[in-house]
Amino acid sequence: SMVGLLIVFFGVSLQMLGRKWIARLLTPIAASRDTELVDEIAAALEAGFSVHQAVALSLSTQHSAAPHMTFDEMLTALRGKSPELSPMIDLLASATEHGLPLAERLNEFAAAQRARRADDSRAHIRRMSVKANVPLVVCVLPSFILLSFTPLVVSIVAPLSSVGP
């Protein structure tokens, strides 16, 4: 009947809405390329490249003009990518000015970023375990009730309503 089709339509629609809502909530934190960039620069420095060459090598995957940029332009491009890279950019600038060893400090910086990202991911998971209950209660549970109990109630009530006074 038409009522049965409407019940199925609304039940399936609620089910799909709940699944999409939960999937959106549970998407992992998007991993940025910041840690990889720091690791690439540190590896290039450990391989014997100069600071300018290491930064140019790392940026060449994103900027086609990176090999032709000045060091200051490269640092500006890095600064524009992410505010999280500011401490690393300051390290690069001071290392070129004062000739400080840099690879070990960059490895420490990358490890600190990884630890911070892991902490952020754990906090995200803790929040999502609570937030995922809302779509379950608002969409999935009503869908289950609508699709499973409504036909039972209708099949019980229909014969009773045909019996008149």
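Numbering of residues begins at 1 and proceeds along the displayed sequence.
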Which heavy atom of P87 sits nearest to which heavy atom of F109, and what is that distance?
CB-CE1, 3.7 Å
Any chance you could lay out the salt bridge (charged side-chain N to carboxylate O under 4.0 Å, His left out) test for D119 and R116, step after step, and finish with the verdict?
CA-CA 5 Å; D119 290 342; R116 186 189 49 78; over 6 Å; no
Determine whether V140 and W21 fall in the same hydrophobic cluster, where Ile, Leu, Val, Met, Phe, Trp and Tyr are linked whenever their side-chain heavy atoms lie under 4.5 Å apart.
yes
Between the CD1 atom in I145 and the CG atom in L14, the distance rounded to the nearest 0.5 Å is 11.0 Å
Side-chain heavy atoms nearer than 4.5 Å, only ILVMFWY residues, links allowed to pass through others: does that put I89 and M74 together?
yes
Check for me, please, whether V134 and M128 land in the same ILVMFWY cluster - side-chain distances under 4.5 Å, paths through other members count.
yes
Using every non-hydrogen atom in the two residues, find where G18 and P135 come nearest and quote the distance to one decimal.
O-CB, 4.2 Å
May I ask you to test the D120-H124 pair for a side-chain heavy-atom distance under 4.5 Å?
no
How many angstroms lie between atom CZ of R19 and atom CG of L136, to the nearest 0.5 angstrom?
11.0 Å
CG of N133 to CG of L141, rounded to nearest 0.5 Å, is 11.5 Å
Could you tell me which non-hydrogen atom of S143 sits nearest to which non-hydrogen atom of Q15, and how far apart they are?
OG-NE2, 3.4 Å
Could you grab the distance from atom CG of L146 to atom CZ of F10, nearest 0.5 Å is fine?
9.0 Å
Of all heavy-atom pairs linking I7 and L147, the shortest is O-CD2, 3.8 Å
Does any N or O in the side chain of S94 come within less than 3.5 Å of the main-chain N or O of L91, such that one atom is a donor and the other an acceptor?
yes
